[in-house]
Amino acid sequence: MPLLDFLDPQAVLPAMRVSGKKQALQELASHAAKLTHVSESAIYEALLQRERLGSTGIGEGIAIPHGKLPGLTRIFGLVARLEKPIDFEALDGQQVDVLFLLLAPEGAGADHLKALARVARVLREPGLIERVRATKDAAALYAIMTELPKAA
């Protein structure tokens, strides 16, 4: 089973062009709406609401915007690599160029937190983020994000 089994092959944006945080969240919501059949505005509002609590920029150029939504039937992930880094008000002050959108059903409870922790762990795998930044190919980006870590 892939490590990020909630990432769909169509939910990979290898070269997203945005000029700021709100535009990035809007683009993520737009793509997610097409794949989840949940309203784009509902997704965008959930993401904005979460960002108001504090930035989901976790540092080292990575952000994990997330939210819970009624009408969603399963945990959904989408990864985006930005063509140019943007200010995301990240904890370390660095600009962000890799976004992982995570959406969960309203009643997901601990599963949402477990998925969030899994995404953060995967993105912090040694060498993985460099590989993500080096590719502009959707299939390659999907493979990087879903392959099992090599045994030590």
Side-chain angles (χ1 to χ4, degrees), residues 1-9 11-33 35-36 38 40 42-69 72 74-106 108-136 138 140-150 152:
M1 179 178 84
L3 203 51
L4 297 179
D5 53 350
F6 43 79
L7 180 64
D8 191 283
V12 178
L13 306 172
M16 194 165 90
R17 287 184 189 183
V18 293
S19 58
K21 183 177 182 174
K22 281 194 171 179
Q23 187 184 9
L25 295 175
Q26 189 71 57
E27 284 291 315
L28 292 174
S30 173
H31 286 282
L35 297 169
T36 62
V38 173
E40 179 179 332
I43 295 170
Y44 181 65
E45 279 306 312
L47 296 177
L48 272 186
Q49 198 171 24
R50 172 56 190 86
E51 290 298 323
R52 285 187 197 109
L53 299 175
S55 177
T56 55
I58 62 169
E60 299 177 26
I62 302 165
I64 310 174
H66 57 278
K68 291 183 182 178
L69 291 156
L72 202 60
R74 65 177 180 89
I75 291 179
F76 171 82
L78 182 149
V79 65
R81 188 189 140 288
L82 304 183
E83 285 203 344
K84 291 184 181 149
I86 59 170
D87 179 22
F88 214 84
E89 300 155 7
L91 300 175
D92 63 358
Q94 284 188 36
Q95 292 201 322
V96 164
D97 64 345
V98 176
L99 299 168
F100 195 101
L101 170 69
L102 187 67
L103 301 174
E106 203 167 38
D111 289 342
H112 177 233
L113 296 177
K114 286 178 189 172
L116 204 52
R118 222 177 344 158
V119 170
R121 213 171 28 251
V122 167
L123 290 172
R124 294 206 186 276
E125 280 285 320
L128 185 132
I129 204 68
E130 290 79 13
R131 291 172 55 210
V132 167
R133 288 183 172 123
T135 188
K136 289 187 179 185
L141 185 52
Y142 177 77
I144 292 166
M145 295 300 298
T146 57
E147 69 189 16
L148 290 170
K150 292 167 182 57

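Hydrogens, waters and symmetry mates play no part in the numbers below; they use all other heavy atoms, side chains included.
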Asker: Report yes if the side chains of L4 and F100 come closer than 4.5 Å at any heavy-atom pair, otherwise no.
Answerer: yes

Asker: Does some side-chain heavy atom of L69 sit less than 4.5 Å from a side-chain heavy atom of P105?
Answerer: no

Asker: Given the rule in the side-chain contact (heavy atoms from CB on, under 4.5 Å) test, do L28 and M16 qualify, once you have shown the distances and angles that lead to the verdict?
Answerer: CA-CA 9 Å; L28 292 174; M16 194 165 90; 4.2 Å; yes

Asker: Give a yes or no on this: more than 12 heavy atoms of other residues, nucleotides or ligands lie within 6.0 Å of atom CZ of R17.
Answerer: no

Asker: State the NE2-CD distance between H31 and E27, to the nearest 0.5 angstrom.
Answerer: 5.0 Å

Asker: Is there a side-chain contact between R118 and D5, using heavy atoms and a 4.5 Å cut-off?
Answerer: yes

Asker: Are the charged groups of E51 and K22 less than 4.0 angstrom apart, N to O?
Answerer: no

Asker: So do L141 and K136 actually touch side chain to side chain, heavy atoms under 4.5 Å?
Answerer: no

Asker: Any ring-ring contact (aromatic ring centres under 6.0 Å, His included) pairs touching residues 108-134, not counting sequence neighbours?
Answerer: H66-H112

Asker: How long is the span from the CD atom in E147 to the CZ atom in R131, to the nearest 0.5 Å?
Answerer: 4.5 Å

Asker: Heavy-atom count around Q95 CD within 6.0 Å, excluding the residue itself: above 12?
Answerer: yes

Asker: NZ of K68 to CG of L102: how many Å apart, nearest 0.5 Å?
Answerer: 10.5 Å

Asker: With rounding to the nearest 0.5 angstrom, report the CD1 to NZ distance, I86 to K21.
Answerer: 8.5 Å

Asker: Of all heavy-atom pairs between I75 and A104, which one has the smallest distance, and what is that distance?
Answerer: CG1-CB, 4.1 Å

Asker: Are the side chains of L103 and L47 in touch, meaning some heavy atoms are under 4.5 Å apart?
Answerer: yes

Asker: Can you list everything that forms a side-chain contact (heavy atoms from CB on, under 4.5 Å) with A11? Sequence neighbours excluded, please.
Answerer: L7, D8, L35, F76, L78

Asker: Side chains of T36 and I43: does their closest heavy-atom pair fall under 4.5 Å?
Answerer: yes

Asker: What's the spacing between R133 CZ and I144 CD1 if we round to 0.5 Å?
Answerer: 12.0 Å

Asker: Apply side-chain contact (heavy atoms from CB on, under 4.5 Å) to the pair V79 and Y142, showing each step before the final yes or no.
Answerer: CA-CA 8 Å; V79 65; Y142 177 77; over 6 Å; no

Asker: Rounded to the nearest 0.5 Å, how far apart are CD of Q23 and CG of L25?
Answerer: 10.5 Å

Asker: How close do T135 and A140 get, counting heavy atoms only, and between which atoms?
Answerer: OG1-CB, 3.5 Å

Asker: Heavy atoms only: give me the nearest G59-A90 pair and the separation to one decimal.
Answerer: N-CB, 4.4 Å

Asker: State, yes or no, whether a side-chain contact exists between R124 and I129 at a heavy-atom distance under 4.5 Å.
Answerer: no

